[in-house]
Amino acid sequence: MVEDKQIAALAEALDTAAARAAAIAQLSQAHPALGVGDAYRIARASIARREARGERIIGIKMGFTSRAKMAQMGVDDLIWGWLTDAMLLADGGNAPAARFIHPRIEPELAVRLKAPLAGKVTALEAWGAVEAVAPAMEIIDSRYRDFRFSLADVVADNASSSAFVVGAWQRPDLDIANLGMAMSIDGTPAQFGSSAAILGHPQRSLVAAARLAGEAGFALEAGWTVMLGAATSAEAIRAGNRVRLETEKMATVDIALTGDAA
């Protein structure tokens with residue numbers, strides 16, 4: 001196990017990289033024995049630094065919800081990262097491109113909880129804690145050079161989470177098993193997919209989120225947003241791009257990157 005002092009130093013390095021939008025070397029280069037458990041400690045310490053600056057935790061995001069991505073990374077379970085209020089972007093609004101290093105965006109679904117959730121639960125129990133569901137997009141932005149990382153690296157980097165935008169909330173009884181999703185950039189189609197790509201059914205991602213939260217010693221809280229994972233591959237975006245997601249049976253959601261890049 002990595003010592004607390006070293007955890008704090010690595011968390012500071014990642015937090016500074018994010019704040020300055022300046023890429024750093026992968027942590028695993030200097031710390032090849034870095035494990036996933038320590039990586040989650042680093043991520044939590046990094047988020048604690050943001051909390052000390054006034055940010056507030058408002059949920060979590062799920063990663064590796066694609067079987068293909070799991071196979072690519074050589075893992076058999078999902079990963080997760082924290083969401084804070086400073087990461088939430090306004091639907092139809094703008095985000096400064098200088099905030100990001102090498103941003104990519106992906107279409108997702110999000111849920112808002114009405115009750116706490118943790119530990120091993122059934123899909124029915126998990127969905128019973130859901131107040132609303134919405135189309136969403138996540139901007140992922142690795143703090144590492146060349147967007148390259150090991151499993152421990154990406155976990156320490158808060159699962160590459162950087163920003164997210166959520167569309168209009170819908171009733172939770174909407175059938176989300178196989179919704180068509182189309183993401184365009186500046187009006188040009190970029191990705192087509194289905195919500196079924198999220199673990200075969202997005203509800204499974206929420207079940208996994210509850211289990212992983214319980215294993216990490218906390219509960220998903222009422223009022224939190226859970227980003228359930230990507231329905232397609234991520235697309236690189238740059239300053240000036242406006243991205244729109246159209247999801248079957250749901251409203252559209254869009255966001256633009258403005259200003260100069262970092």
Side-chain angles (χ1 to χ4, degrees), residues 1-4 6-8 10-11 14-15 27-28 31 33-51 55-84 87 108-131 133 138 140 142 149-162 164 198-230:
M1 179 177 289
V2 178
E3 295 182 358
D4 290 346
Q6 194 170 39
I7 291 290
L10 296 175
L14 284 169
D15 181 48
L27 301 187
S28 59
H31 305 275
L34 183 68
V36 172
D38 286 329
Y40 275 116
R41 292 171 62 207
I42 293 168
R44 185 64 187 91
S46 181
I47 291 296
R49 293 174 60 86
R50 299 192 203 180
E51 289 181 287
E55 294 185 37
R56 179 172 55 90
I57 292 175
I58 60 171
I60 68 169
K61 58 78 58 91
M62 301 300 290
F64 295 175
T65 54
S66 158
R67 299 297 183 190
K69 188 65 176 179
M70 285 188 199
Q72 178 186 348
M73 294 299 295
V75 298
D76 57 6
D77 204 356
L78 285 69
I79 63 172
W80 58 273
W82 300 97
L83 301 177
T84 76
M87 297 164 64
E108 304 201 14
L109 291 180
V111 295
R112 185 174 66 212
L113 299 180
K114 63 182 180 182
L117 197 59
K120 293 184 178 180
V121 295
T122 66
L124 185 61
E125 290 169 334
W127 215 249
V130 172
E131 180 180 45
V133 60
E138 182 185 9
I140 57 175
S142 174
F149 40 76
S150 69
L151 175 61
D153 284 324
V154 68
V155 168
D157 192 27
N158 200 36
S160 298
S161 191
S162 182
F164 66 106
I198 305 170
L199 290 182
H201 194 302
Q203 288 184 355
R204 293 174 183 158
S205 182
L206 185 59
V207 170
R211 172 178 57 81
L212 291 169
E215 291 174 359
F218 70 96
L220 307 176
E221 297 182 11
W224 274 15
T225 296
V226 180
M227 297 284 284
L228 297 178

Asker: If you take all heavy atoms of Leu220 and Ala213, which pair is closest and at what distance?
Answerer: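 So the minimum-distance heavy-atom pair works out to CD2-CB, 3.9 Å.
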
Asker: What pairs with Ser142 under side chain to side chain donor-acceptor pair (under 3.5 Å), at least two apart in sequence or on another chain?
Answerer: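 Not a single residue meets the side chain to side chain donor-acceptor pair (under 3.5 Å) criterion with Ser142.
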
Asker: Using the test side chain to side chain donor-acceptor pair (under 3.5 Å), find all partners of Asp157 that sit at least two apart in sequence or belong to another chain.
Answerer: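 For Asp157 the side chain to side chain donor-acceptor pair (under 3.5 Å) partners, ignoring immediate neighbours, are Arg143.
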
Asker: Sequence neighbours excluded, which residues qualify as ring pair (Phe, Tyr, Trp, His ring centres under 6.0 Å) partners of Trp127?
Answerer: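 Ring pair (Phe, Tyr, Trp, His ring centres under 6.0 Å) check on Trp127 returns nothing, list empty.
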
Asker: Among Ile7, Val36, Val155, find the one that has a side chain to side chain contact (heavy atoms under 4.5 Å, CB included) with Arg41.
Answerer: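 Only match with Arg41 under side chain to side chain contact (heavy atoms under 4.5 Å, CB included): Ile7.
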
Asker: Going by side-chain contact (heavy atoms from CB on, under 4.5 Å), name the residues that satisfy it together with Ala123, two or more places apart in sequence or in a different chain.
Answerer: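 Here the qualifying residues are Gln203, Val207.
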
Asker: I need the minimum non-hydrogen distance between Gly81 and Asn158, along with the two atoms involved.
Answerer: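 So the two residues come closest at CA-OD1, 3.2 Å.
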
Asker: On a heavy-atom basis, which atom in Lys114 and which in Val130 lie closest, and how many Å separate them?
Answerer: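 Smallest interatomic distance, heavy atoms only, reads CE-O, 3.7 Å.
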
Asker: If you take all heavy atoms of Leu78 and Phe64, which pair is closest and at what distance?
Answerer: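 So the minimum-distance heavy-atom pair works out to CG-O, 3.8 Å.
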
Asker: Is there side-chain contact between Leu228 and Leu199, with at least one heavy-atom pair below 4.5 Å?
Answerer: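 No; the side chains remain at least 4.5 Å from each other.
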
Asker: How many angstroms lie between CG in Asp38 and CG in Asp4, if you round to the nearest 0.5 Å?
Answerer: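 Going from the CG atom of Asp38 to the CG atom of Asp4 covers 9.5 Å.
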
Asker: Excluding sequence neighbours, so at least two apart, what forms side chain to side chain donor-acceptor pair (under 3.5 Å) with Ser161?
Answerer: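 Side chain to side chain donor-acceptor pair (under 3.5 Å) check on Ser161 returns Glu138.
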
Asker: Test of understanding: with side-chain contact (heavy atoms from CB on, under 4.5 Å), list the residues that count as partners of His31, not counting sequence neighbours.
Answerer: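 Residues passing side-chain contact (heavy atoms from CB on, under 4.5 Å) with His31: Gln6, Leu10, Leu34.
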
Asker: I need the Thr84 OG1 to Ile60 CD1 distance, nearest 0.5 Å.
Answerer: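 Between atom OG1 of Thr84 and atom CD1 of Ile60 there are 14.0 Å.
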
Asker: Considering residues at least two apart in sequence or located in another chain, which fulfil the side chain to side chain donor-acceptor pair (under 3.5 Å) criterion with Arg50?
Answerer: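 With neighbours one apart ignored, the set is empty.
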
Asker: Using the salt bridge (charged side-chain N to carboxylate O under 4.0 Å, His left out) criterion, which residues pair with Glu221? Sequence neighbours excluded.
Answerer: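 Listed in chain order: nothing, the list is empty.
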
Asker: A side-chain contact here means heavy atoms from C-beta on lying under 4.5 Å apart; do Phe149 and Leu27 qualify?
Answerer: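 When only atoms from C-beta onward are counted, Leu27 and Phe149 do not touch, as no gap falls below 4.5 Å.
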
Asker: Could you grab the distance from atom CG of Leu109 to atom CD1 of Ile198, nearest 0.5 Å is fine?
Answerer: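 One gets 4.5 Å once the value is rounded to the nearest 0.5 Å.
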
Asker: With sequence neighbours left out, write down each residue that passes salt bridge (charged side-chain N to carboxylate O under 4.0 Å, His left out) with Glu125, or none if nothing qualifies.
Answerer: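 Salt bridge (charged side-chain N to carboxylate O under 4.0 Å, His left out) list for Glu125, sorted by chain: empty.
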
Asker: For residues Ala11 and Ser46, report the shortest heavy-atom separation together with the two atoms involved.
Answerer: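 Residues Ala11 and Ser46, closest heavy atoms: CB-N, 3.6 Å.
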
Asker: Could you check whether any side-chain heavy atom of Leu117 comes within less than 4.5 Å of a side-chain heavy atom of Val226, counting everything from C-beta outward?
Answerer: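 A side-chain contact is absent here, since even the closest heavy-atom pair is not under 4.5 Å.
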
Asker: Test of understanding: with side-chain contact (heavy atoms from CB on, under 4.5 Å), list the residues that count as partners of Ala216, not counting sequence neighbours.
Answerer: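 If we apply the side-chain contact (heavy atoms from CB on, under 4.5 Å) test to Ala216, skipping adjacent residues, the hits are Trp80, Phe218.
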
Asker: Under the salt bridge (charged side-chain N to carboxylate O under 4.0 Å, His left out) rule, collect the residues that match up with Glu215, sequence neighbours excluded.
Answerer: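 With sequence neighbours excluded, Glu215 shows a salt bridge (charged side-chain N to carboxylate O under 4.0 Å, His left out) to Arg211, given in chain and number order.
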
Asker: Among Lys61, Met227, Met62, which one satisfies side chain to side chain contact (heavy atoms under 4.5 Å, CB included) with Glu108?
Answerer: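 That would be Met227; it is the only one of Lys61, Met227, Met62 passing the side chain to side chain contact (heavy atoms under 4.5 Å, CB included) with Glu108.
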
Asker: Within this structure, what is the NE2-CG distance for the pair His201 and Leu206, rounded to the nearest 0.5 Å?
Answerer: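 Output value for this atom pair is 11.5 Å.
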
Asker: Return the set of residues passing side-chain contact (heavy atoms from CB on, under 4.5 Å) with Ala48 (not counting sequence neighbours), or none when no residue passes.
Answerer: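 Ala48 satisfies side-chain contact (heavy atoms from CB on, under 4.5 Å) with Arg44, Glu51 once adjacent residues are dropped.
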
Asker: Can you measure from CD1 (Ile79) to OH (Tyr40) and round to the nearest 0.5 angstrom?
Answerer: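 Reported to 0.5 Å precision, the distance equals 5.5 Å.
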
